[in-house]
Amino acid sequence: MSCGFDLEHYRELLAAAEVGGYRFAHFADAPTEGTVILRHDVDISLDAAVRMAELEHEAGVSSTYFLMTESVFYNLDSREGAAAMERLPALGHRLALHAVYPNAALVPDFDPLVSWHNPDPEFLQAPLADGRLNVMQGLWFDSATYRSDSNQRWRFGCPRDDLRAGAFPWLQLLTHPEIWVYPGKTMGQTMRAMLEAEKARRLQQLADDRIDVS
Ligand SMILES: [Zn+2]
């Protein structure tokens, strides 16, 4: 199977990790040999996050969802936000903060972890003053044990084959749910597909808000 960005291939990545003998871990402890830490930065879509979380749950896998309190695309204080914050842990996953520098809100029930949204090199790996873990700091980040799907491009290639071969000592795997849930061969196509789905959702929200959209 080719290395696309869809849920079927994401499931393949999880299966490859199992074949490679990896265990799935979280950020609480320093990374150890033979583990894969699944990280999701939720930049755009809570819907996509929940769909990915359901797939992981079916695969018996637990990951950490980094949610934004300052997103222009979703609102954790809305009913939809509250539902996602209930659903993700119910599926066995952890929640943490995806923050816009320099703000890093303290959110009850989130793990004491921060991932920065679009980080600049100056603070990318800097420890936080309040003791929460920057997931890119120190032992948690090494380019040899890190893969990210940013902008629907693997900078060092899709990790499937190396996972299957057990070639990583351990791996922090960052994926953005909306890239995998919405179809498209490029980030531009995928975002346009996301916007189409969003339009239908927005119309429903308007109707729910007693706006006459007939
Ligand atoms: Zn982000």
Side-chain angles (χ1 to χ4, degrees), residues 5-7 9-10 13 26-27 36-53 55-56 62-78 80-81 84-85 87-89 93-107 109-128 130 132-138 140-143 145-156 158-159 171-184 186-195 197-198 201:
F5 291 87
D6 51 49
L7 289 179
H9 192 56
Y10 185 69
L13 292 183
H26 298 97
F27 287 98
V36 172
I37 305 176
L38 297 173
R39 163 182 161 202
H40 304 295
D41 285 357
V42 182
D43 286 338
I44 293 168
S45 171
L46 291 174
D47 268 4
V50 168
R51 287 181 60 185
M52 189 165 238
L55 180 155
E56 289 172 332
S62 169
S63 64
T64 307
Y65 284 82
F66 290 78
L67 306 178
M68 302 182 80
T69 58
E70 297 179 59
S71 171
V72 294
F73 296 104
Y74 61 83
N75 177 7
L76 291 183
D77 286 332
S78 68
E80 183 203 49
M85 283 177 55
R87 183 79 178 133
L88 294 168
H93 305 298
R94 303 195 182 186
L95 303 179
L97 182 70
H98 190 42
V100 180
Y101 190 83
N103 299 329
L106 276 169
V107 183
D109 302 329
F110 277 16
D111 282 8
L113 310 169
V114 172
S115 72
W116 292 117
H117 180 62
N118 294 336
D120 288 337
E122 300 88 80
F123 57 89
L124 173 72
Q125 294 185 268
L128 279 96
D130 65 11
R132 278 180 290 174
L133 178 79
N134 171 358
V135 293
M136 297 297 274
Q137 83 182 51
W140 283 263
F141 174 75
D142 178 332
S143 59
T145 56
Y146 176 81
R147 294 286 172 97
S148 158
D149 67 350
S150 292
N151 271 310
Q152 202 163 323
R153 225 173 279 131
W154 297 111
R155 253 179 82 195
F156 301 104
C158 176
L171 183 69
Q172 175 180 163
L173 181 61
L174 166 61
T175 51
H176 297 78
E178 51 271 354
I179 291 177
W180 299 81
V181 165
Y182 297 107
T186 63
M187 191 67 176
Q189 286 180 5
T190 302
M191 291 300 96
R192 281 170 181 79
M194 182 274 297
L195 288 170
E198 191 69 4
R201 206 175 64 91

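Along the sequence shown, residues carry numbers from 1. Whatever order the structure lists them in is the order used to number ligands and atoms, beginning at 1. Excluded from the calculations below are hydrogen atoms, water molecules and symmetry mates; all remaining heavy atoms, backbone and side chain alike, are included. These numbers were taken from a predicted model, which means no experiment stands behind them.
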Without hydrogens or angle criteria, can the side chains of His117 and Asp41 be said to hold a donor-acceptor pair below 3.5 Å?
no

Main-chain N/O of Gly184 paired with Gln152 side-chain donor or acceptor, under 3.5 Å
yes

Inter-residue atom distance Leu38.CG - Leu171.CG, 0.5 Å rounding
8.5 Å

Give me the ring orientation class for Tyr101 and Phe123: parallel if the planes are under 30° apart, tilted from 30 to 60°, perpendicular past 60°.
parallel

So the protein N/O/S atoms within less than 2.8 Å of the Zn ion (ligand 1) come down to Asp43 OD1, His98 NE2, His117 ND1

From Leu76 atom CG to Met68 atom CE, the distance as rounded to the nearest 0.5 Å:
10.0 Å

Say whether Glu56 and Tyr65, considering side chains only, have a donor N or O and an acceptor N or O under 3.5 Å apart.
yes

